[in-house]
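Residue numbering restarts at 1 for every chain, and letters A, B, ... go by the order of the sequence lines.
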2 protein chains.
Amino acid sequence: MPIRKQKEFIEAVQEAAEQPLKQDHLLSLVGYNCRRAYLTIVPLFDERMAQYNLKPAEFSVLSLLKANPNITQKRLSAAVNVSPPNLAIMLDKLEQRGLVLRQRNPLDKRSQTLILTEAGTELCMQSERTTGELEAEATAMLTDQERAQLLGLLQKIFVRE
Amino acid sequence: MPIRKQKEFIEAVQEAAEQPLKQDHLLSLVGYNCRRAYLTIVPLFDERMAQYNLKPAEFSVLSLLKANPNITQKRLSAAVNVSPPNLAIMLDKLEQRGLVLRQRNPLDKRSQTLILTEAGTELCMQSERTTGELEAEATAMLTDQERAQLLGLLQKIFVRE
DNA sequence: TATTGTTATACTCTATAACTATA
DNA sequence: TATAGTTATAGAGTATAACAATA
């Protein structure tokens, strides 16, 4: 590299090191911002939910089954965005842990209906309490009104009519 | 199963099949809503950005390098939430494609500074235009004011002071 | 001794194809 | 023939440990 270019390069590197990070375009994208916000909440989720040995997707399944007893795996699969093969494996584990019960659907023996066991219901109630608390902490910088507004705006994006 | 229980079960399954899905608790969680909104935008991103052969993380890197020429891998790694080992591999690919240039930092030869090549800059400009368009479509149900509000609320969650 | 970046590797998550049993 | 669920497997994404070069 010629000396003149070299000098310019050093100055540019120095300049770059001193500048705060610019990310105007990325910060204008809803998708990027959703991901960033999600990624700040997840570690707290993992930390607080470790006591129940529940991952985010597993918690979603339990919460959905508590609110919708006897739904089929098909509907559950669509609701939690977990493909049937992966859901089957997750349900195997939850069933082995005695949290979930699979029953043949008497109205259509191809499908299976799902309910929480008593232990599953209890664990779900505890973990819903914990998620409520952890969420409140993770979004403590928002007023109740802002938080409600945020939920409403996000749901406009993904709730189907 | 006794006949009486069996009859109750069939009724419960029928009832469940007719009910709309209840997901009150999940919909009250910011983290869950962020993820759901993100997951509705990503497929459109993948579809529109396939022409550039850019994944979300790769696009973030290009956009950040365009706005912050000559920053180090260390800072970039922190900014895009990609661990140094994984960033190294991603940069190998981007460098092989002639989009990015790595240079030893003359001020500290442990680190490397990064800039976009001319081709990288051009691809970044095109893809930023595309992301802008795709985002507008994915969030077309929001008014401009709502969209700005949403970005502001999300950033309150993850922007560090 | 600490830091930047790399290599190798493993683990989790997600996606796909082929199979079964029912309809 | 089509559908619900399963099995097996592969791929993408992410995380960790150990190393080389430099400070």
Problem set entry | Interatomic distance where NZ belongs to B:Lys74 and C1' belongs to D:dA23 [whole Å] | 14 Å

Problem set entry | Test: B:Glu58 and B:Lys93 ion pair at under 4.0 Å | no

Exercise. Counting only heavy atoms not in A:Gln51, do more than 12 fall under 6.0 Å of its CD?
Worked result: yes

Pull out every protein N or O sitting under 3.5 Å from an N or O of nucleotides 16-23 of chain C, one pair per line with the distance.
unit_1: C:dA23; atom_1: OP1; unit_2: A:Lys109; atom_2: N; d: 2.9

Seminar exercise, completed: Axis-to-axis angle for the helix from C:dT1-D:dA23 to C:dA23-D:dT1, ends of five pairs each, to 10°, equals 10°

Exercise. Between D:dA15 atom C1' and B:Asn81 atom CG, what is the distance in whole Å?
Worked result: 12 Å

Exercise. Separation of A:Asn70 atom CG from D:dA4 atom C1', in whole Å?
Worked result: 17 Å

Exercise. Could you state the CE-C1' distance from B:Met90 to C:dT6, rounded to the nearest angstrom?
Worked result: 15 Å

Exercise. DNA chain D: A:Ala88 or A:Leu39, which has the more 5' nearest nucleotide?
Worked result: A:Ala88

Sequence neighbours excluded and cut-off under 3.5 Å, please list the side-chain donor-acceptor pairs for residues 28-36 of chain A, or say none.
unit_1: A:Ser28; atom_1: OG; unit_2: A:His25; atom_2: O; d: 2.6
unit_1: A:Tyr32; atom_1: OH; unit_2: A:Arg36; atom_2: NH1; d: 2.8
unit_1: A:Asn33; atom_1: OD1; unit_2: B:Gln155; atom_2: NE2; d: 3.0
unit_1: A:Asn33; atom_1: ND2; unit_2: A:Leu27; atom_2: O; d: 3.1
unit_1: A:Asn33; atom_1: ND2; unit_2: A:Leu29; atom_2: O; d: 2.6

Please tabulate, one pair per line, all N/O donor-acceptor pairs under 3.5 Å involving side-chain atoms of residues 116-123 of chain A, not counting sequence neighbours.
unit_1: A:Thr117; atom_1: OG1; unit_2: A:Gly98; atom_2: O; d: 2.6
unit_1: A:Thr117; atom_1: OG1; unit_2: A:Leu99; atom_2: O; d: 3.3
unit_1: A:Thr117; atom_1: OG1; unit_2: A:Ala119; atom_2: N; d: 3.4
unit_1: A:Thr117; atom_1: OG1; unit_2: A:Gly120; atom_2: N; d: 3.0
unit_1: A:Thr121; atom_1: OG1; unit_2: A:Thr117; atom_2: O; d: 2.8
unit_1: A:Glu122; atom_1: OE2; unit_2: A:Gln126; atom_2: NE2; d: 3.3

Exercise. For B:Leu87 and D:dG13, what is the distance between atoms CG and P respectively, to the nearest whole Å?
Worked result: 14 Å

Exercise. Can you check the A:Ile89 CD1 to D:dT7 P distance for me, whole Å?
Worked result: 8 Å

Exercise. Separation of B:Glu95 atom CD from C:dG5 atom C1', in whole Å?
Worked result: 13 Å

Exercise. Does B:Arg102 have any side chain to side chain contact (heavy atoms under 4.5 Å, CB included) partners at least two apart in sequence or in another chain, and if so, which?
Worked result: B:Gln73, B:Leu91, B:Asp92, B:Glu95, B:Gln112, B:Leu114

Exercise. Mind checking what makes side chain to side chain contact (heavy atoms under 4.5 Å, CB included) contact with A:Ala67, not counting sequence neighbours?
Worked result: B:Lys22

Exercise. In the hydrophobic clustering (ILVMFWY, side-chain contacts below 4.5 Å, transitive), which residues join B:Met125, or is it alone?
Worked result: none

Exercise. Transitive ILVMFWY cluster of A:Leu101 at side-chain heavy atoms under 4.5 Å: who else is in it?
Worked result: A:Ile115

Exercise. A:Arg75 near the nucleic acid: base, sugar-phosphate alone, or nothing, with a heavy-atom cut-off under 4.0 Å?
Worked result: nothing

Cut-off 3.5 Å, no hydrogens considered: what does the side-chain donor-acceptor table look like for residues 74-85 of chain B, sequence neighbours left out?
unit_1: B:Arg75; atom_1: NH1; unit_2: A:Ala16; atom_2: O; d: 2.9
unit_1: B:Arg75; atom_1: NH1; unit_2: A:Gln19; atom_2: O; d: 3.3
unit_1: B:Arg75; atom_1: NH2; unit_2: A:Gln19; atom_2: O; d: 2.9
unit_1: B:Ser77; atom_1: OG; unit_2: B:Val82; atom_2: O; d: 2.6
unit_1: B:Ser83; atom_1: OG; unit_2: B:Asn86; atom_2: ND2; d: 2.8

Problem set entry | Along DNA chain C (nearest heavy atom to each residue), the more 5'-positioned of B:Ser111 and B:Asp92 | B:Ser111

For this session: List, by chain and number, the other hydrophobic cluster members for A:Val42, where Ile, Leu, Val, Met, Phe, Trp and Tyr join if side-chain heavy atoms come within less than 4.5 Å, directly or indirectly.
Result: A:Tyr38, A:Leu39

Exercise. In residues 42-63 of chain B, which ones come under 4.0 Å of DNA chain D, going by heavy atoms?
Worked result: B:Lys55

Seminar exercise, completed: Taken in chain and number order and not counting sequence neighbours, the residues that satisfy salt bridge (charged side-chain N to carboxylate O under 4.0 Å, His left out) with B:Glu133 are none

